Amino acid sequence: MTEPAGFEFTPGSRLPGRLGRTGVIRTPHGSIHTPAFIPVGTKATVKAVLPEAMADLGAQALLANAYHLYLQPGADIVDAAGGLGAFMNWPGPTFTDSGGFQVLSLGVGFKKVLAMDVAGVGDDDVIAEGKTRLAHVDDDGVTFTSHLDGSRHRFTPEVSVRIQHQLGADITFAFDECTTLLNTRAYQESSLDRTQAWAARCLAEHDRQTRARSHRPYQALFAVVQGAQHEDLRRRAARDLQALEVDGRRFDGYGIGGALEKENLGTIVGWVCEELAEDKPRHLLGISEPDDFFTAIANGADTFDCVSPSRVARNAAVYSRDGRYNVTTARNRRRFTPIDEGCDCYTCAHYTRAYLHHLFKASEMLACTLCTIHNERFIVRLVDDIRASIVDGTFDDLRAEFLGRYYASRPLLASRAQAPE
RNA sequence: GGCAGGUUGCCCGAGUGGCCAAAGGGAGCAGACUGUAAAUCUGCCGGCUCAGCCUACGUUGGUUCGAACCCAACACCUGCCA
């Protein structure tokens with residue numbers, strides 16, 4: 001790993017004729033070779049797994065969440081601990097998300113409401129099935145009701161950036177509003193204007209914090225490109241964010257977030273990355289399905305984070321080269337073979353499906369640990385393999401081979417094995 | 001030996017004349033999960049030739065138009081008194 005230093009991105013090999021590339025992100029806590037998958041540890045822990053195990057399975061960095069850590073234990077405590085990495089015993093690079101996603105997940109976009117016409121949701125606080133909306137957006141910021149104790153809190157771009165500086169991650173994100181595909185075009189436009197305005201405020205606050213805390217390692221700030229499924233909005237967002245300069249400071253990288261339909265994910269990432277200069281990293285927020293990696297990487301995405309590998313693992317779903325399946329299914333009761341014969345993870349080296357099946361049935365927490373280790377390894381390795389394939393010039397072969405096999409057992413999903421456009 | 005109570009689908013358990021194939025759990029089975037309010041959630045869960053029919057609430061018999069529910073006998077089980 002590199003010596004502690006500032007933030008730097010160095011592009012490497014290119015995917016001929018496309019936007020995909022390899023690269024190296026240098027942070028004060030080490031380097032990240034891209035494309036890379038960044039596992040999520042929302043509350044300063046990858047649920048059920050030791051940080052040492054995360055390092056062993058090849059995680060290059062971890063991503064935590066500002067909203068959750070602000071509520072508990074409090075950003076000041078993480079700061080006093082010496083920052084996120086020191087607090088959680090993770091010596092490598094760290095990311096924090098801004099809390100922008102919680103504007104969606106705790107707001108109108110949550111769960112069942114997604115299935116409704118958002119415009120039809122009343123202006124009161126009660127949404128589907130008596131659930132209370134926990135976040136309200138206005139032009140200045142967002143008011144949250146804590147899901148932990150019901151207390152009221154307010155996030156503005158300044159607050160989020162300040163919190164993230166206290167948390168001390170190497171890479172932070174601008175506070176944005178995450179919308180859904182169901183929002184109207186008009187809402188997407190006004191929301192995007194708000195996100196863009198917030199971006200400028202984030203950059204200004206980031207500049208203040210960086211100078212005020214010059215004794216601390218440098219923290220990078222990534223903008224978040226929104227704009228939903230609209231080409232003009234996404235391109236404009238990317239262009240404007242890239243042009244944005246406040247007090248001589250610019251964004252260190254870009255996040256791509258918000259409403260992404262699987263079908264047009266590659267297209268959208270492509271629009272954004274076409275607008276962005278090559279010398280800054282691009283992080284695609286919240287994506288981790290195998291076909292999505294190939295698509296997004298081909299279109300210029302460098303890093304990814306997603307809760308899916310760990311959440312799904314805790315619910316007994318595991319990845320294999322032949323697709324994802326649930327270990328709790330009855331046919332695994334007597335299968336004394338690993339989750340995936342070709343996997344090099346700790347779990348596959350030592351445990352059988354029958355044992356994992358037993359652990360889940362017996363509600364033993366080791367089940368969560370072992371399956372999370374496997375899933376995180378599987379996904380980290382897949383993206384590592386894609387990186388290697390870009391260097392080798394075998395990207396398309398890997399895509400066809402991997403996805404062909406991955407979706408072979410699910411005829412209805414076979415189309416995912418085809419390269420789009 | 002006396003008094004009292006109980007026996008419900010794989011398990012626990014509600015129901016005490018018709019709206020009961022029978023609430024609710026659990027187990028079992030299947031599925032979902034993409035910037036984590038998620039070790040969560042959803043569906044199925046007696047059988048069949050499945051808009052109907054059959055078999056079922058300890059056993060047998062009875063009352064009733066109709067019984068898991070009322071009566072009788074029997075068989076187990078559980079408390080308190082000996």
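Convention: sequence-line order gives letters A, B, ...; per-chain numbering from 1. From a predicted model like this one, the values you see are computed outputs, not experimental measurements.
Looking at heavy-atom distances under 4.0 Å, A/N375 makes no contact with the nucleic acid at all. Among the atoms of the strands shown, only primed sugar atoms or phosphate atoms (P, OP1, OP2) are found under 4.0 Å from some heavy atom of A/H68. Among the heavy atoms of the strands lying under 4.0 Å from A/G258 is at least one base atom, whether or not backbone atoms are also near. Backbone-only contact: A/L63 has heavy atoms under 4.0 Å from sugar-phosphate atoms and none from a base. Contact annotation for A/D97: base contact, defined as any heavy-atom pair under 4.0 Å involving a base atom. Heavy atoms of A/Q72 sit nowhere under 4.0 angstrom from any nucleic acid atom.
Partners of A/F144 by ring pair (Phe, Tyr, Trp, His ring centres under 6.0 Å), not counting sequence neighbours, listed by chain and number: A/Y67, A/F155.
Checking B/A37, B/G35, B/U34 against the side-chain heavy atoms of A/D292 singles out B/U34 as nearest. In this structure, of B/U36, B/A37, B/U34, it is B/U36 that holds the atom nearest to the side chain of A/V40. With B/A38, B/U34, B/A37 as the candidates, the nucleotide lying closest to the side chain of A/C306 is B/U34.
The nucleotide B/A51 finds no pairing partner, because no Watson-Crick or G-U wobble arrangement with both distances shorter than 3.5 Å includes it. For B/C80, the paired base is B/G2 (Watson-Crick or G-U wobble, both distances below 3.5 Å). As the counterpart of B/A68, no nucleotide is assigned, since no Watson-Crick or G-U wobble pattern has both distances under 3.5 Å.
Partner of A/M54 under the side chain to side chain contact (heavy atoms under 4.5 Å, CB included) criterion, chosen from A/V46, A/T45, A/T372, A/I373: A/V46. Under the ring-ring contact (aromatic ring centres under 6.0 Å, His included) test applied with A/F304, the options A/F37, A/F294, A/F293 reduce to a single match, A/F293. Under the ring-ring contact (aromatic ring centres under 6.0 Å, His included) rule, A/H283 has a single partner from A/F9, A/F95, A/F222, which is A/F95.
A donor and an acceptor atom sit less than 3.5 Å apart, one in the side chain of A/K262 and one in the base of B/U34. Residue-to-nucleotide contacts include a donor-acceptor pair under 3.5 Å from the side chain of A/Q226 to the base of B/G35.
Look at the P atom in both B/G31 and B/A37: the space between them is 26 Å, to the nearest Å. B/C29 sits 16 Å from B/G47 when the P atoms are compared, rounded to a whole Å. The same atom, C1', is picked in B/C69 and in B/U63; the two are 14 Å apart, to the nearest Å. Nucleotides B/G61 and B/A23, compared at atom P, are 28 Å apart to the nearest Å. For the C1' atom pair drawn from B/C41 and B/G46, the interatomic distance equals 27 Å after rounding to whole Å.
Between A/E289 and A/R324, none of the side-chain N atoms (NZ, or NE/NH1/NH2) sits under 4.0 Å from a carboxylate O, so this pair counts as no salt bridge. Salt-bridge check for A/R387 with A/D384: passed, with a basic side-chain N closer than 4.0 Å to an acidic carboxylate O. Ionic pairing of A/E189 and A/R185 is present here: one or more N-O contacts between side-chain nitrogen and carboxylate oxygen are shorter than 4.0 angstrom. For A/K280 and A/D252, the salt-bridge test fails: no basic side-chain N is under 4.0 Å from an acidic carboxylate O.
For the pair A/G99 and A/C368, both in contact range of RNA chain B, the more 5′-proximal nearest nucleotide belongs to A/G99.
Here A/T42 reaches the OP1 or OP2 of B/U36: one of its side-chain N or O atoms lies under 4.0 Å away. Under 4.0 angstrom from either OP1 or OP2 of B/G35 there lies no side-chain N or O belonging to A/Q102.
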Write down the protein N/O and nucleotide N/O pairs, taken from nucleotides 29-33 of chain B, whose separation is under 3.5 Å; answer none if there are no such pairs.
residue : atom : partner : partner atom : Å
B/C29   : OP2  : A/K361  : NZ           : 2.6
B/A30   : OP1  : A/T329  : OG1          : 2.8
B/A30   : OP1  : A/A330  : N            : 3.3
B/A30   : OP2  : A/T329  : OG1          : 3.4
B/A30   : OP2  : A/A330  : N            : 3.2
B/A32   : OP1  : A/R410  : NH1          : 3.3
B/C33   : OP2  : A/R324  : NH2          : 2.8
B/C33   : O2   : A/N315  : ND2          : 3.2

